[in-house]
K.L.:
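Below you will find the structure I want to go over with you.
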Amino acid sequence: MSISRRNFIKYTSAAAIGAGVLGCHHEINVSSSTGIIMPKSSKRIVILGGGWGGATAAKYLKLEDPSLDVVLVERQDSFISCPVSNWVIGGFRKMSDITVSYEGLIKNYGIKVLHAEAKELDAENGQLKTDKGIVEFDLLLASPGISYKYDTVEGLNTPDAIDRFPAAFKAGAETVKLAERLAAMKPGGSVLLTVPPTPYRCPPGPYERISLIADYLKKNKPGSKLIVFDSNDGIVSKGPLFKKAWNDYYSDIIEYVPDNYLVSVDAGTGRVVSEKGEITPDVVNVIPAMKANQTAFDLGLMDKDDDEWVRAYPDTFMSYKYENVYVVGDSTHNGAVGGVPKSGYVANSMGKVAASAMARRLNGKEPLEPTYANTCYSLVNEQEGIFVSAVYRYDKNIKRIMSVSGGVSPERKALFAKHAQNWAESIWSDMLL
Ligand SMILES: Cc1cc2nc3c(=O)[nH]c(=O)nc-3n(C[C@H](O)[C@H](O)[C@H](O)COP(=O)(O)OP(=O)(O)OC[C@H]3O[C@@H](n4cnc5c(N)ncnc54)[C@H](O)[C@@H]3O)c2cc1C
């Protein structure tokens, strides 16, 4: 389906507004129960998580086999995109621009969307327990995303600290909070952003955010500084391109300190202590270390006791733990899956591979040979973009995903910023419309 930017924005914004007012009568409306809700009458696949991996898998299951009963369990009313959310923090997009309703999946494909919190899994009996009741399945696909490891920084794991030092690496209320704090800061103020150690979601994401906060300060808050404490020993993705942009545009704004772990924060005073020094900035964005979403732990999907990510076979994304449970997206274990970045594009690729394998399995067929791809755009200011791309294949010998080829854009260009906008609209459409 191809749609123009104007129509896309019209559709998504209207749908985003409608979701709160009208949306419910297209969605599964159940009163809370402790028993089975929506009893199963045909082959059913339940998808846990309507983000990049889950929404894609739900739609592509229906494209593979429209007779399948597909139920999407998602706690949020609408899909909110992390890609492009840095543009909201940069002050040149609104949350409504990155919000898409689930109406397209319901109306265009007959997917049942249950807004509920998944709590427990009984894989043996094919049951997912939610706060609205128990949903039965033949196969389950989970794409629950990530959780923050707040407890790796002293003082961070309290509601006050989380409020004072928001992460905004799950697009939503924290994205708005960070944008509002930057807007409220006095000119000549100081901002601190901390980059987590790898693996974390979206390797270039923190560096795009640094660029766009610096761009915002340059235009709106003269004399302000942006200090960056990076836990890694250098820029993790598109390093030379980001560095060149920072040197060309923000040399008097950004102070970048690599190889510098965050040690502690104090929610009362706002003081932040790192291995290389301490400061008390006006606005702080702490992006903590990450692990698979807590839901994956609560559902018992970890293969080994000390695992922090879910192991799955990358040719189908069936989990190591349960044959009837598949896992895709950021929550997957790179050691098991292979060297792919935790990106929305990769989650979308994984969702398609898993959907095909699951639909074929329920129809008694072998999975097809999988392919995967990734492109990550980043803006270095409101006008100019850069990108990294890669193509992957499944290596049958080592049973992992391997990079076939890839590279970064030769330079930054205004055209690439337009591509970034168009990429986002196309992939939201691929997932949700
Ligand atoms: C600032 C930023 C910029 C980014 N830019 C890009 C980019 O340009 N390109 C790119 O490819 N990627 C980008 N990413 C990365 C991308 O957002 C993630 O890789 C992607 O969201 C992963 O998809 P997922 O399905 O694993 O998780 P998510 O998209 O996070 O989806 C998980 C879903 O599961 C739901 N859920 C979890 N637990 C439960 C539960 N118990 N019950 C009900 N629902 C539940 C959540 O509400 C959520 O909707 C960016 C990320 C950030 C933070």
Side-chain angles (χ1 to χ4, degrees), residues 46-58 72-90 98 100 102 113-121 128-132 135 141-148 167-172 174-175 178 193 196 199-210 212 237-238 285 287 290 292-299 301 309-310 317 327-332 340-351 354 373-379 385-390 419-421 423-424 427-428 431-432:
V46 170
I47 309 285
L48 162 54
W52 287 73
T56 306
L72 174 62
V73 177
E74 167 59 51
R75 60 160 80 100
Q76 293 191 165
D77 289 344
S78 309
F79 167 88
I80 306 176
S81 178
C82 285
V84 188
S85 64
N86 282 335
W87 307 11
V88 175
I89 293 167
I98 62 167
V100 186
Y102 289 109
V113 177
L114 174 69
H115 290 298
E117 178 76 29
K119 297 276 197 191
E120 278 173 45
L121 172 68
L128 180 69
K129 190 173 175 190
T130 77
D131 60 350
K132 298 273 173 67
V135 189
L141 177 138
S143 189
I146 55 97
S147 281
Y148 304 122
F169 246 60
K170 298 179 192 181
E174 288 191 339
T175 312
L178 197 50
L193 184 150
Y200 61 83
R201 80 172 2 168
C202 193
Y207 307 101
E208 178 188 62
R209 183 173 294 175
I210 292 161
L212 295 185
S237 174
K238 299 179 249 186
N285 175 201
I287 307 172
M290 297 177 200
N293 192 286
Q294 188 56 40
T295 299
F297 294 85
D298 297 344
L299 267 51
L301 298 182
W309 306 95
V310 188
F317 294 99
V327 180
V328 298
D330 286 355
S331 63
T332 55
V340 281
K342 295 189 181 300
S343 81
Y345 202 131
V346 166
N348 171 273
S349 257
M350 289 176 169
N374 183 52
T375 297
C376 266
Y377 288 95
S378 305
L379 299 198
I386 56 179
F387 65 86
V388 58
S389 279
H419 291 180
Q421 172 73 46
W423 168 81
I427 201 160
W428 295 338
M431 294 158 57
L432 294 152

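Just so you know, ligand 1 is whichever comes first in the structure, and atom 1 is the first atom listed for that ligand. All values below come from the heavy atoms of this structure, side chains included, with hydrogens, waters and symmetry mates left out.
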K.L.:
For a 4.5 angstrom cut-off between non-hydrogen side-chain atoms, does Thr295 reach Leu48?
P.N.:
yes
K.L.:
Would you please determine whether Ala116 falls within less than 4.0 Å of ligand 1 on a heavy-atom basis?
P.N.:
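In this structure, Ala116 qualifies as a contact of ligand 1 - some heavy atom is under 4.0 Å.
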K.L.:
Below 4.0 Å from any atom of ligand 1, is there a heavy atom belonging to Lys170?
P.N.:
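Judged by the 4.0 Å heavy-atom criterion, Lys170 does not count as contacting ligand 1.
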K.L.:
Using a strict 4.0 Å cut-off to heavy atoms of Lys342, name the atoms of ligand 1 that fall inside it.
P.N.:
19 (O)
K.L.:
Suppose I only count heavy atoms of Ser85 and a 4.0 Å limit; which atoms of ligand 1 are within that range?
P.N.:
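Those qualifying, in numeric order: 1 (C).
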K.L.:
Hey, are the side chains of Asn348 and Met431 touching, using non-hydrogen atoms and a 4.5 Å cut-off?
P.N.:
yes
K.L.:
Considering all heavy atoms of both residues, which atom of Trp52 and which atom of Pro83 are nearest to each other, and what is their separation?
P.N.:
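So the minimum-distance heavy-atom pair works out to CZ2-CG, 3.3 Å.
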K.L.:
Can you tell me if Cys82 contacts ligand 1 (heavy atom of the residue under 4.0 Å from the ligand)?
P.N.:
yes
K.L.:
Which ligand 1 atoms, with their elements, are less than 4.0 angstrom from a heavy-atom of Asn86?
P.N.:
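The list of qualifying atoms is 1 (C).
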K.L.:
Using a 3.5 Å distance criterion without hydrogens, assess whether the side chain of Glu174 forms a donor-acceptor pair with backbone atoms of Ala167.
P.N.:
yes
K.L.:
With a 4.0 Å heavy-atom cut-off (strictly under), which part of Thr130 contacts ligand 1: side chain, backbone, both or neither?
P.N.:
neither
K.L.:
Under a 3.5 Å threshold, yes or no: a donor from one side chain and an acceptor from the other, between Gln421 and Trp87?
P.N.:
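Result is no, nothing qualifies.
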K.L.:
Scan Ser343, Pro203, Pro341 and name whichever one has a side-chain contact (heavy atoms from CB on, under 4.5 Å) with Ser237.
P.N.:
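Exactly one option meets the side-chain contact (heavy atoms from CB on, under 4.5 Å) with Ser237, and it is Pro203.
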K.L.:
Determine, considering heavy atoms only, which of Cys202, Pro144, Ala171 sits nearest to atom 5 (N) of ligand 1.
P.N.:
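When every heavy atom of Cys202, Pro144, Ala171 is considered, Cys202 comes closest to atom 5 (N) of ligand 1.
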K.L.:
Could you list the atoms of ligand 1 found under 4.0 angstrom from a heavy atom of Tyr377?
P.N.:
8 (O)
K.L.:
Does ligand 1 have any atom sitting under 4.0 Å from a heavy atom of Val84?
P.N.:
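The answer is no: ligand 1 sits nowhere under 4.0 Å from a heavy atom of Val84.
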K.L.:
At a 4.0 Å threshold, what atoms of ligand 1 neighbour a non-hydrogen atom of Glu117?
P.N.:
40 (C), 41 (N), 42 (N)
K.L.:
Is the NZ or CZ atom of Lys170 positioned over Tyr148's six-membered ring, under 6.0 angstrom from the centre and within 45° of the axis?
P.N.:
yes
K.L.:
Looking at Asp330, which atoms of ligand 1 are within less than 4.0 Å of one of its heavy atoms?
P.N.:
18 (C), 19 (O), 20 (C), 22 (C), 26 (O)
K.L.:
Of all the heavy atoms in Phe79, does at least one lie under 4.0 Å from an atom in ligand 1?
P.N.:
no
K.L.:
Would you indicate which of Gly51, Gly50, Ser349 comes nearest to atom 31 (O) of ligand 1 when only heavy atoms are counted?
P.N.:
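Minimum heavy-atom distance to atom 31 (O) of ligand 1 goes to Gly51.
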K.L.:
Which of the numbered atoms in ligand 1 are below 4.0 angstrom from a heavy atom of Ala347?
P.N.:
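That gives atoms 23 (O) of ligand 1.
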K.L.:
Please work out, at 4.0 Å between heavy atoms, whether the side chain, the backbone, both, or neither of Trp423 comes within that distance of ligand 1.
P.N.:
side chain
K.L.:
Indicate yes or no: does an N/O atom of Val346 lie under 3.5 Å from an N/O atom of ligand 1?
P.N.:
no
K.L.:
For Pro144, is there any backbone N or O sitting under 3.5 Å from a side-chain donor or acceptor partner on Asn293?
P.N.:
yes
K.L.:
Do Asn86 side-chain atoms and Gly205 backbone N/O form a donor-acceptor pair below 3.5 Å?
P.N.:
yes
K.L.:
Which option out of Gly329, Ala168, Gly145, Ser143 puts a heavy atom nearest to atom 25 (O) of ligand 1?
P.N.:
Ser143
K.L.:
Can a donor-acceptor pair be found, under 3.5 Å and without considering hydrogens, that links the side chain of His115 to the backbone of Glu74?
P.N.:
yes
K.L.:
Looking only at the side chains, is there a donor atom on one of Ser331 and Trp309 sitting less than 3.5 Å from an acceptor on the other?
P.N.:
no
K.L.:
Show me which atoms of ligand 1 lie under 4.0 Å from any heavy atom of Tyr345.
P.N.:
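Answer, ordered by atom number: 10 (C), 11 (O).
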